[in-house]
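Structure first, commentary second.
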Amino acid sequence: MNIYCDKSKLNPLKLPRHIGIVMDGNGRWASKKHLPRIAGHRKGVERVQEITEFCGNIGIEALTLFAFSDENWRRPEEEVGGIMGLLRWYIRKEHKRITENNVRFRVIGDRRKLSSDIIELISALEKDTYHNTGMHLCVALSYGSHGEILRAVRKIVEKVKENLIYPDDIDEQIFESCLDTQGLPPLDMFIRTSGEYRVSNFLLWQLAYAELFFNEVLWPDFDTEKLIELLKQYSLRERRFGMTPEQVSLKQNESAIYLKR
Ligand code: FPP
């Protein structure tokens, strides 16, 4: 058994393949401590490092983090500049570690709105980790699900116009292959911190069958212990995908027999 699962008493067979997190509550964390909002984002980046490392160690296949939404561009210029500065700092500082740890890095969202030096840093890290085989670390930046879906629709329309596909060919697989998340495993688990009960335009298509977890902890306080607690709750959920409980348990028994062979 994976030593990290052993230590945290997690069942490796009942872990999600892909986790998506809305890292909310940085501003409130800072206000509570009478600090500027950027101090909350800074602490948030520390949690990103901790949670990413832990997820990689326990064998999570993909982690998608909502770092900056399409809507976040509406925030005061000073805060937007502060978050972008942190991202720049994070990618520069983590480039070597992410590459050497076999992590596959990807940014989803409309990167045309980002400054050119950040685009270059992202592209370099994506290129250098492209052939890695470990966990996908996917950062949603300047991201909104509506925008992503519209980009996918435009790509499909182009394919139809070029006679590469017929309208009747368009199915879920083709649609998914045009989303920013193409190639990632299905989203199994959605987490939002800070006691907000919204999905806020995050991975709307991908959320179709994800298990949802909303919790009160502010992102800068969200540590490995908290994640382990949620992963244990996840392992107890019965995911039926439209089937009956009997069909689900039959399927589980069949795969248990298959695994024993
Ligand atoms: C939400 O908290 C958080 C954000 C809008 C930014 C999140 C960014 C980071 C954690 C840093 C960059 C990430 C990476 C991957 C390096 P909020 O400001 O909305 O908090 P509030 O609701 O308490 O005001």
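Start at 1 and go down the list; that is how both ligands and their atoms are numbered.
- Two rings, from F68 and Y143, have their centers 6.0 Å or more apart.
- The closest donor-acceptor contact from the side chain of N132 to the backbone of T99 lies under 3.5 Å.
- Using a 4.0 angstrom heavy-atom cutoff, L65 does not count as in contact with ligand 1.
- Taking the centre of each ring, F105 and Y130 stay at or above the 6.0 Å mark.
- With a heavy-atom cut-off of 4.0 Å, R47 does not touch ligand 1 at all.
- The shortest heavy-atom distance from R75 to ligand 1 is under 4.0 Å.
- L86 does not count as a contact of ligand 1, since none of its heavy atoms falls under 4.0 Å from the ligand.
- Taking a 4.0 Å cut-off on heavy atoms, S194 fails to register as neighbouring ligand 1.
- A donor-acceptor contact shorter than 3.5 Å is absent between the side chain of W219 and the backbone of N26.
- At a cut-off of 3.5 Å, with distance as the only test, no side-chain donor of R106 or T181 sits close to an acceptor on the other residue.
- Checked against the 6.0 Å centroid criterion, the rings of F241 and Y209 qualify as a close aromatic pair.
- In terms of protein heavy-atom proximity, atom 4 (C) of ligand 1 is closest to H41 CE1, 3.9 Å.
- Looking from atom 14 (C) of ligand 1 to the surrounding protein, the closest heavy atom is L87 CD2, 3.9 Å.
- In terms of protein heavy atoms, atom 3 (C) of ligand 1 is closest to M23 O, 3.2 Å.
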Criterion side chain to side chain contact (heavy atoms under 4.5 Å, CB included) on L137 and L65, from CA distance to verdict: CA-CA 8 Å; L137 172 60; L65 300 172; 4.0 Å; yes

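- The single protein non-hydrogen atom nearest to atom 8 (C) of ligand 1 is A67 O, 3.4 Å, given as residue, atom name and distance.
- Note on ligand 1: R42 sits outside its first shell, no heavy atom being nearer than 4.0 Å.
- For atom 20 (O) of ligand 1, the closest heavy atom belonging to the protein is G27 N, 3.0 Å.
- Looking at atom 10 (C) of ligand 1, its nearest protein heavy atom turns out to be N26 ND2, 3.5 Å.
- By the criterion of a heavy-atom distance under 4.0 Å, neither the backbone nor the side chain of L218 is placed next to ligand 1.
- V80 places none of its side-chain heavy atoms less than 4.5 Å from the side chain of N72.
- Below 4.0 Å from some heavy atom of V45 lie the following atoms of ligand 1, by number and element: 11 (C), 12 (C).
- In terms of polar-atom proximity, defined here as any N/O pair under 3.5 Å, Y90 makes no such contact with ligand 1.
- Put simply, the side chain of E211 never gets that close to the backbone of R237: no donor and acceptor are under 3.5 Å apart.
- Applying the 4.0 Å criterion to heavy atoms of N72 picks out, from ligand 1, the atoms 5 (C).
- From the protein, the heavy atom lying nearest to atom 22 (O) of ligand 1 is R28 NH2, 2.9 Å.
- Looking only at heavy atoms of the protein, atom 24 (O) of ligand 1 is closest to R37 NH2, 3.0 Å.
- A salt bridge links D180 to R151: one of the charged nitrogens lies within less than 4.0 Å of a carboxylate oxygen.
- One N or O on the side chain of R47 and one on the backbone of P220 form a donor-acceptor pair closer than 3.5 Å.
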